[in-house]
Amino acid sequence: QVQLLESGGGSVQAGGSLRLSCAASELPDGSDCMGWFRQPPGKGRWDVALLDISNGGTHYADSVKDRFTISQDNAKNTVYLQMNNLKPEDTGMYYCVAGRPLAGTCTVVVGWYQHWGQGTQVTVSP
């Protein structure tokens with residue numbers, strides 16, 4: 001059974017930084033897309049950052065470009081999300097995902113991903 005274990009959430013003031021980690025158990029063949037979605041309080045889940053672990057291709061939501069960086073450690077089967085200059089609107093539950101590419105890319109369609117972590121809370125105060 002695929003397991004995605006997240007860590008690194010917490011509470012920070014605006015302008016601060018956090019680093020999220022997602023360690024994956026053995027993934028099915030072809031599950032090259034890993035990344036993060038987030039769910040603000042009372043809202044749906046939206047993409048944050050995605051990584052194609054086969055070629056290093058990345059996608060970032062416009063709201064986090066130039067502030068967040070997604071990276072991988074292949075030896076540890078782990079992806080990271082470095083979050084800098086955090087804003088109150090970044091507050092939410094952050095979920096790690098893993099799945100196959102859709103039409104050759106790591107889609108932002110939330111319903112596409114079969115494998116989800118349990119979530120880690122990020123709270124940014126003004």
Side-chain angles (χ1 to χ4, degrees):
Q1 183 177 356
V2 175
Q3 289 186 324
L4 302 175
L5 183 60
E6 301 131 327
S7 61
S11 298
V12 296
Q13 290 187 323
S17 298
L18 286 172
R19 188 193 196 205
L20 306 183
S21 300
C22 174
S25 63
E26 186 173 350
L27 294 173
D29 289 344
S31 295
D32 291 334
C33 293
M34 292 188 68
W36 302 86
F37 283 73
R38 70 183 175 194
Q39 185 167 16
K43 299 183 179 180
R45 296 183 186 184
W46 294 92
D47 61 290
V48 176
L50 296 163
L51 172 68
D52 188 326
I53 61 176
S54 68
N55 60 26
T58 58
H59 158 81
Y60 294 95
D62 288 342
S63 60
V64 307
K65 283 181 181 177
D66 300 324
R67 298 189 297 123
F68 291 12
T69 303
I70 189 169
S71 61
Q72 64 185 101
D73 183 334
N74 289 337
K76 298 181 180 180
N77 218 22
T78 300
V79 293
Y80 304 96
L81 185 67
Q82 178 66 44
M83 305 186 293
N84 297 328
N85 190 22
L86 282 160
K87 303 177 180 180
E89 51 264 43
D90 294 318
T91 293
M93 187 70 78
Y94 283 66
Y95 295 93
C96 179
V97 300
R100 295 176 177 270
L102 174 61
T105 62
C106 295
T107 180
V108 301
V109 176
V110 62
W112 176 255
Y113 291 93
Q114 182 180 5
H115 308 296
W116 289 78
Q118 80 285 356
T120 185
Q121 178 68 35
V122 172
T123 303
V124 185
S125 57

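Position 1 is the first residue of the sequence, and the numbers go up from there. Keep in mind it's a predicted model, so treat the numbers as computed, not measured.
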Would a distance-only check, ignoring hydrogens and angles, find a side-chain to backbone donor-acceptor pair under 3.5 Å from [X] to [Y]?
X	Y	result
Asn77	Ala24	yes
Thr78	Ala23	no
Trp36	Ile70	no
Arg67	Asn85	yes
Thr105	Thr107	no

Criterion ring-ring contact (aromatic ring centres under 6.0 Å, His included) on Tyr113 and Phe37, from CA distance to verdict: CA-CA 10 Å; Tyr113 291 93; Phe37 283 73; 5.6 Å; yes

Side-chain cluster (under 4.5 Å, hydrophobic types only) that Trp46 belongs to, other residues: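 Other cluster members: none.
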
Qualifying side-chain hydrogen bond (donor to acceptor under 3.5 Å, both in side chains) pairs with a residue from residues 115-126, counting only residues at least two apart or across chains: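 The answer is Glu6-Gln118, Gln121-Thr123.
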
Donor-acceptor pair between Ser17 and Asn84 side chains, under 3.5 angstrom: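 Yes, a side-chain donor-acceptor pair sits under 3.5 Å.
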
Taking all non-hydrogen atoms of both residues into account, name the closest pair between [X] and [Y] and its distance.
X	Y	value
Leu4	Cys22	CB-SG, 3.9 Å
Gly44	Pro40	O-CD, 3.5 Å
Gly30	Pro101	O-CD, 3.4 Å
Cys106	Leu50	O-CD1, 3.5 Å

As an exercise, state the distance from [atom1] of [X] to [atom2] of [Y], rounded to the nearest 0.5 Å.
X	Y	atom1	atom2	result
Thr58	Phe68	OG1	CZ	14.5 Å
Asp73	Ser21	CG	OG	9.5 Å
Cys33	Ile53	SG	CD1	8.5 Å
Ser7	Leu20	OG	CG	8.0 Å
Arg100	Trp112	CZ	CH2	9.0 Å
Ser11	Leu86	OG	CG	11.0 Å

State, with a plain yes or no, whether a side-chain heavy atom of [X] is found less than 4.5 Å away from one of [Y].
X	Y	value
Leu27	Val2	yes
Tyr60	Thr69	yes
Tyr80	Gln72	no
Thr91	Val122	no
Leu81	Met83	yes

Residue pairs passing the salt bridge (Lys or Arg N to Asp or Glu O under 4.0 Å) test where at least one lies in residues 32-47, sequence neighbours excluded: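 Passing the test, one end in residues 32-47: Arg38-Asp90.
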
Hphob cluster co-occupancy, [X] + [Y], side-chain heavy atoms under 4.5 angstrom:
X	Y	value
Val79	Val48	yes
Val108	Leu51	no
Leu102	Val97	yes
Val12	Val64	yes

Residue Glu89 excluded, over 12 heavy atoms near CD under 6.0 Å: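 Counting neighbours around CD of Glu89, more than 12 heavy atoms of other residues, nucleotides or ligands fall under 6.0 Å, so yes.
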
Neighbour count >12 (heavy atoms, 6.0 Å) for atom CG, Asn55: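 Yes - once you tally the heavy atoms of other residues, nucleotides and ligands closer than 6.0 Å, there are more than 12.
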
